[in-house]
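Reading through the structure tokens given below for one structure.
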Amino acid sequence: VSTRRSPAKRIHNSQQFKEQYSDEMEGEKIWKNRKLNDLGMSACKFNSIGQPLARGALSFHAICSMMQKIWEQHEAGNEESDNATNWAHWLEPFHCVLFGFMADAGTQGVTLIREWEPEDGDLSQYMEHCHLFQSVVIDLFVNNKVFEYSTFGAYLLGQLCLRDINFIFR
């Protein structure tokens with residue numbers, strides 16, 4: 001999410017791509033009438049990885065459509081076009097589901113940080129929140145419950161079963 005060549009950074013750093021991403025998001029039923037124009041990246045927030053991962057998991061098909069559009073709008077050999085093509089060739093269903101898992105882990109990390117935010121909190125509560133974080137992460141990823149709950153990984157897998165991801169590069 002945070003590398004210079006990532007789809008999230010490409011969308012975040014270009015006003016044109018933000019507008020096109022927003023248009024792609026209109027087709028995603030999960031957002032209803034809300035219009036997003038990027039994935040929520042911000043270098044100065046602790047949630048600068050978790051939020052783009054979560055939004056990206058929920059709008060993965062729109063991100064794929066954006067990479068196709070980026071390729072279509074730039075000449076072959078252009079850095080933008082090459083990055084879009086390389087990303088599309090690299091992408092496999094495994095990577096999509098792994099992206100969802102990263103969103104799940106990121107969300108749990110953000111939840112833990114938010115629980116620790118109040119400076120007047122009791123130290124014993126910090127340990128309780130840390131233990132809860134550890135329990136949830138172990139349950140999701142070690143005990144393989146990530147597909148049994150409402151998780152980003154399960155959502156992405158379900159979306160992949162419903163809709164194919166196709167790129168057309170000529």
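These values consider heavy atoms only, across backbone and side chains, with no hydrogens, waters or symmetry-generated copies.
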Per the salt bridge (charged side-chain N to carboxylate O under 4.0 Å, His left out) rule, what does the pair list look like for residues 127-156, sequence neighbours excluded?
Lys145-Glu148
Joint hydrophobic cluster, Trp87 plus Phe94, side-chain heavy atoms closer than 4.5 Å:
yes
For the student: nearest non-hydrogen atoms of Gly50 and Val110, plus distance:
CA-CG2, 4.4 Å
Treating Ile, Leu, Val, Met, Phe, Trp and Tyr as nodes and any side-chain heavy-atom pair under 4.5 angstrom as an edge, say whether Leu98 and Trp90 lie in one connected cluster.
yes
Supply the members, apart from Met127, of the Ile/Leu/Val/Met/Phe/Trp/Tyr cluster built from side-chain contacts under 4.5 Å; use none for a lone residue.
none
Here the gap from Met66 atom CE to Ser59 atom OG, rounded to the nearest 0.5 Å, amounts to 11.0 Å
Under the criterion side chain to side chain contact (heavy atoms under 4.5 Å, CB included), I'd like the reasoning laid out for Phe141 against Asp104: C-alpha separation, chi angles, the key distance, then a yes or no.
CA-CA 10 Å; Phe141 301 112; Asp104 292 322; 3.9 Å; yes
Can you name the nearest heavy-atom pair linking Asn83 to Met67, along with the distance?
O-CE, 4.3 Å
Going from CG on Leu58 to CZ on Phe152, what distance comes out if it is rounded to the nearest 0.5 angstrom?
5.0 Å
Could you give the distance from CG (Leu91) to CG (Asn86), rounded to the nearest 0.5 Å?
12.5 Å
Check: His74 main-chain N/O paired with Asn78 side-chain donor or acceptor under 3.5 Å:
no
Can you list everything that forms a ring-ring contact (aromatic ring centres under 6.0 Å, His included) with Tyr149? Sequence neighbours excluded, please.
none
Can you tell me how far the CD atom of Gln20 sits from the CD1 atom of Ile11, to the nearest 0.5 Å?
9.5 Å
When you compare the side chains of Gln16 and Gln73, does any donor N or O come within less than 3.5 Å of an acceptor on the partner?
yes
Applying side-chain hydrogen bond (donor to acceptor under 3.5 Å, both in side chains), name anything that partners Glu92, two or more places apart in sequence or on another chain.
none
Nearest non-hydrogen partners of Leu160 and Pro93, listed with the distance:
CD1-O, 4.0 Å
At what distance, to the nearest 0.5 angstrom, does OG of Ser65 lie from CD1 of Ile70?
11.0 Å
Under the side-chain contact (heavy atoms from CB on, under 4.5 Å) rule, collect the residues that match up with Ala154, sequence neighbours excluded.
Phe147, Thr151
List for me each residue that meets side-chain contact (heavy atoms from CB on, under 4.5 Å) alongside Leu156, sequence neighbours excluded, and say none if there are none.
Ala57, Phe60, Phe99
Given Leu157 and Cys96, is the side chain to side chain contact (heavy atoms under 4.5 Å, CB included) satisfied, shown in steps?
CA-CA 8 Å; Leu157 183 61; Cys96 299; over 6 Å; no
Kindly state each residue pair satisfying salt bridge (charged side-chain N to carboxylate O under 4.0 Å, His left out) with at least one member in residues 62-74, sequence neighbours excluded.
Glu24-Lys69
Would you find a donor on one side and an acceptor on the other, under 3.5 Å apart, between the side chain of Gln68 and the backbone of Ile168?
yes
Begin from the C-alpha positions of Leu162 and Gln159 and carry the test side chain to side chain contact (heavy atoms under 4.5 Å, CB included) through to its verdict.
CA-CA 5 Å; Leu162 294 175; Gln159 288 298 301; 3.9 Å; yes
Flag, side chain of Ser81 to backbone of Gly77, donor-acceptor distance under 3.5 Å:
no
Any chance you could measure Arg163, atom CZ, to His61, atom NE2, to the nearest 0.5 Å?
4.5 Å
Using the rule given for side chain to side chain contact (heavy atoms under 4.5 Å, CB included), can you reason through Phe17 versus Glu80, listing the C-alpha separation, both sets of side-chain angles and the distance that settles it, and then say yes or no?
CA-CA 11 Å; Phe17 296 158; Glu80 298 282 353; 3.8 Å; yes
Only counting residues at least two apart or in another chain, list the ones meeting side-chain contact (heavy atoms from CB on, under 4.5 Å) with Phe133.
Gln108, Leu112, Val137
Hydrophobic cluster partners of Ile138 (side-chain heavy atoms under 4.5 Å):
Val142
Partner residues of His89 under the ring-ring contact (aromatic ring centres under 6.0 Å, His included) criterion, sequence neighbours left out:
Phe169
